[in-house]
Amino acid sequence: MDSDPPTRFRHTPSMYILGLNAYHGDASAALVADGKLVAAIEEERLNRIKHWAGLPVLAAQACLASGDVDDLRHVAVSRNPRAHFWRKLVRAAAHTGGWRRLASRAENSIHVVRLAHSLDRLGVADLNRITVHHVEHHRAHLASAFFASPFDEAAVVSIDGFGDFTSMMWGIGRGHHISALGSVGFPHSLGLFYTAFTQYLGFPKYGDEYKMMGLAAYGEPRFLPQVRELIHITCDQIRLNLDYFTHHRSGVEMTWKAGEPVTGPVYSPKLTEVFGPAPGSGIDQRHADIAASVQAAFEECYFALLNYIHRRTGLRKLCLAGGAALNCVANGKILEQTPFRELYIQPAANDAGTSIGAALHVWHQVLGHPRSFVMRHVYFGPEYSDGQIRNELDGAGAIYDRLDEDALVDQTANALAAGKIAGWFQGRMEFGPRALGNRSILADPRRIEMKDILNRRIKHRETFRPFCPSVLAEAAGDYFTTRQPSPFMVEAHHVQPNQRSRIPAVAHADGTCRLQTVERETNPRFWKLLRRFGEITGVPVLINTSFNENEPIVNTPHEALDCFQRTNMDVLAIGSFLAYKSGQHRHSGLCVAEACG
Ligand SMILES: [Fe+2]
């Protein structure tokens, strides 16, 4: 099995499937042609509202614009209103606001069907030929992991907060079929357990769980006995101590604050009785210790579940998806803590990836087609030509040079080696939460002060959050304790002890990094940049953080230029152009032919 080249189809596809993640966080669309993913994008990258959770109309339009929509036959939505319908009905009858929420969900489903049947606006000629499929949320997660993996047979696990009244599902994938063998239903959830403490520690926004994971590295798990009181696992059945939670009574509400979604509180006053008052504006050692304790309890459940699934399946290969599968600290320990020997984690393990999963589920599981695709990279978003980029540069009055690829790579690598911060905007935008070398901000990891400089000049993040490295795949083993390629920044591994002093800016407090190994085949220009930086400095590693300030990752050249000009980035490598800050062109130490001539 192999993946298609990222930019063009090899042949005219006979059948398209549009996958949609609608009315969940990180709404998204994905287009599958003859079983191969050809386009995928989150709605937030287009409407510029972080984690947007409505109908992904713009994303659907963007995906369909990349194909011949007359060939669209199926729309696959990663939610199924009929899944666990009676349980939903009983809950709605028993709780305040339940009917309103159920009605809202039903209305959302109608919207999705309307979208599917209003595709004529997008140029779909024969709507009668389109079939709409509702794929249960966790079945879409499972499909996004297994059907995108290189494995013919594997255990498959999906863990998140909730989706379609379920928080965990596992099964076995064989060929083009996944058999679901176990699940955990509402109100019990490993993901929500983590969310409750994330909220308690003062991180209320949707998707903030990674902040608590970053904080945990600074603490000791001295509260582990108390945290264990909240959750336990027997076989594959996770159970919450509901005395500490409120969601089973009042649901999980999403509201909006300062343009970002905020998950309503899910923990009860008992949590503060046991762990003390929630932190106000300051985070102290006690809070870091609580975070470390929660991470430790999460890992106990995670590995207990995976070990149980290994015992049940006897398989050595594992595929993971769901928001909890973005816990890169736990993921980095799976090969140590379980008998699994090969791992594929869907890079868009969050709900965005369910648009891919729903489409692949329909192609394989519903229509019965064999496998022909592996998701080896995430470059499935929009791309822009040099002509479009030049127009933006000229329109913005930018100072820039056009360079051939070797010169662009050389100039950028030299700027980075000289301590400059570079924007790197190339090719198709990444799908999923991580910038992996096409919409990235890059810097020198050898400089211990670079983390503070990046925060002060561009990112303005909490100081306890680490920056992550990208490394030339061939050199990964020299710098990190990883035994396998790690192309998606979803696993944390230790920096080799003898290398910690060489890349101090990316080693987290616990000595780990959430690294990306970069292979020539999947991103040749970024690979060349890392190689050239290595030739100049002896270290083929770069700090790689997402190309944004406090906004969704930039998509267009216009957004990239805007972010470049409003922040304190030094240079911007965008397409074939290297742009400079006003006044820095001739004085930046960059030997640019035009400037030096
Ligand atoms: Fe999910």
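Order of appearance sets the numbers: ligands from 1, and atoms from 1 within every ligand.
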**OP:** For Ser355, enumerate each residue passing the side chain to side chain donor-acceptor pair (under 3.5 Å) test, keeping only those at least two apart in sequence or located in another chain.
**Re:**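 Here the qualifying residues are Ser28.
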Subject >> the Fe ion (ligand 1) reached by His24 (N, O or S, under 2.8 Å) >> reply: no
**OP:** Please determine if the Fe ion (ligand 1) has an N/O/S atom from His141 lying under 2.8 Å away.
**Re:**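 Yes, since at least one N, O or S atom of His141 sits under 2.8 Å from the Fe ion (ligand 1).
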Original post:
Quick one: side-chain contact (heavy atoms from CB on, under 4.5 Å) partners of Ala288, sequence neighbours excluded?
Top reply: Leu215, Tyr218, Gln285
**OP:** May I ask you to check if Arg461 and Phe467 form a cation-pi contact, with NZ or CZ under 6.0 angstrom from the six-membered ring centre and within 45° of the axis?
**Re:**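 Positive - Arg461 is close enough to the ring of Phe467 and near enough to its axis.
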Subject >> Lys NZ or Arg CZ of Lys36 over Phe373 ring: under 6.0 Å, within 45° >> reply: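 Judged by the rule, Lys36 and Phe373 form no cation-pi pair.
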Original post:
If you check every N/O/S atom of Asp351, which is the one nearest the Fe ion (ligand 1)?
Top reply: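 Result: OD1.
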Subject >> Asp160: its N/O/S atom lying closest to the Fe ion (ligand 1) (atom name) >> reply: OD2
